[in-house]
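Below is one structure, written out as structure tokens; comments come after it.
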Amino acid sequence: MPVSGAWRVTYSLMSRMHSGDYNNAYLFINGDQLTETQHYTYSGSGVVDSTGGRVVTLEASAGDKIEIRAPQMDGIYRYVLYCAEYIPKM
């Protein structure tokens, strides 16, 4: 992050998979997974398209690295949107 303080970080995406496939995505800060930001999709039968998004407000320091990662991806992700918004103190 360019400056220290409160940040609202959002992401949304489309997940596609086939029977028996899993897709799993999270936000990570400095390599640490933020469990509460999980986007999980599973298909028990056939092709599944799923869309969704996550929003988290967190305290970050200048130089912190926040990213989206997919630790498990049997299918595909597309249309990934990501936004990090600094929340100034009043």
Side-chain angles (χ1 to χ4, degrees):
M1 305 314 293
V3 296
S4 297
W7 288 83
R8 181 176 300 113
V9 181
T10 64
Y11 77 92
S12 64
L13 48 78
M14 180 179 153
S15 176
R16 171 175 272 194
M17 77 276 321
H18 298 274
S19 295
D21 288 348
Y22 295 85
N23 277 352
N24 226 344
Y26 298 87
L27 289 175
F28 284 72
I29 184 167
N30 299 323
D32 295 327
Q33 179 178 292
L34 300 176
T35 305
E36 66 274 18
T37 66
Q38 180 185 38
H39 183 280
Y40 171 82
T41 315
Y42 168 72
S43 172
S45 176
V47 175
V48 170
D49 287 327
S50 173
T51 59
R54 301 294 181 265
V55 178
V56 63
T57 302
L58 51 86
E59 193 73 24
S61 298
D64 282 350
K65 182 178 179 183
I66 299 177
E67 59 192 340
I68 302 169
R69 290 188 196 168
Q72 180 176 6
M73 194 168 100
D74 298 330
I76 62 171
Y77 283 121
R78 41 179 148 170
Y79 312 118
V80 178
L81 301 173
Y82 172 89
C83 180
E85 174 188 10
Y86 179 69
I87 304 170
K89 292 183 179 177
M90 298 302 225

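All figures in this text were calculated on a predicted structure; none of them were measured in a lab. Just the heavy atoms: all of them, side chains too, but no hydrogens, waters or symmetry mates, feed the values below.
Between the Ser4 side chain and the Ala62 main chain, a donor and an acceptor come within less than 3.5 Å of each other. The backbone N or O of Ser15 sits nowhere less than 3.5 Å from a side-chain atom of Thr41 that would complete a donor-acceptor pair. Side chain of Arg16 to backbone of Val47: no donor-acceptor contact under 3.5 angstrom is found. At least one donor-acceptor pair closer than 3.5 Å links the side chain of Ser19 to the backbone N or O of Gly46. Between the side chain of Asn24 and the main chain of Gln72, no donor-acceptor pair closer than 3.5 Å is present.
Within the model, atoms CZ of Arg54 and CD of Glu36 stand 11.0 Å from one another, a figure rounded to the nearest 0.5 Å. For the atom pair Trp7 CH2 and Ile66 CD1, the distance stands at 8.0 Å (nearest 0.5 Å). For the atom pair OH of Tyr79 and OG1 of Thr51, the computed distance is 11.5 Å after rounding to the nearest 0.5 Å. To the nearest 0.5 angstrom, Asn30 atom CG is 9.0 Å from Glu67 atom CD. Distance check, rounded to the nearest 0.5 Å: OG1 of Thr37 to CZ of Arg69 gives 11.5 Å.
Under a hydrophobic clustering in which Ile, Leu, Val, Met, Phe, Trp and Tyr are joined whenever their side-chain heavy atoms come within less than 4.5 Å, directly or via other members, Tyr82 and Leu34 fall into the same cluster. In the hydrophobic clustering of ILVMFWY residues, with side-chain heavy atoms under 4.5 Å counting as a link, Phe28 and Tyr11 come out apart. No path of Ile, Leu, Val, Met, Phe, Trp and Tyr side chains, each step under 4.5 Å between heavy atoms, connects Tyr77 with Tyr40, placing them in separate hydrophobic clusters. Grouping the Ile, Leu, Val, Met, Phe, Trp and Tyr side chains by contacts below 4.5 angstrom, directly or via other members, places Tyr26 apart from Ile68.
With contacts defined as side-chain heavy-atom distances shorter than 4.5 Å, the pair Asn23/Met17 qualifies. The shortest distance between side-chain heavy atoms of Val9 and Ile29 does not fall below 4.5 Å. Inter-residue side-chain proximity for His39 and Leu13 is flagged as met; some heavy-atom pair is nearer than 4.5 Å.
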**Item:** From CA spacing to verdict: ring pair (Phe, Tyr, Trp, His ring centres under 6.0 Å), Tyr22, Tyr42
**Value:** CA-CA 5 Å; Tyr22 295 85; Tyr42 168 72; 4.6 Å; yes

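Here the closest non-hydrogen pair linking Gln33 and Pro71 is OE1-CG, 4.1 Å.
Checking Leu81, Ile76, Asp49 one by one against Met14, the side-chain contact (heavy atoms from CB on, under 4.5 Å) holds for a single residue, Asp49.
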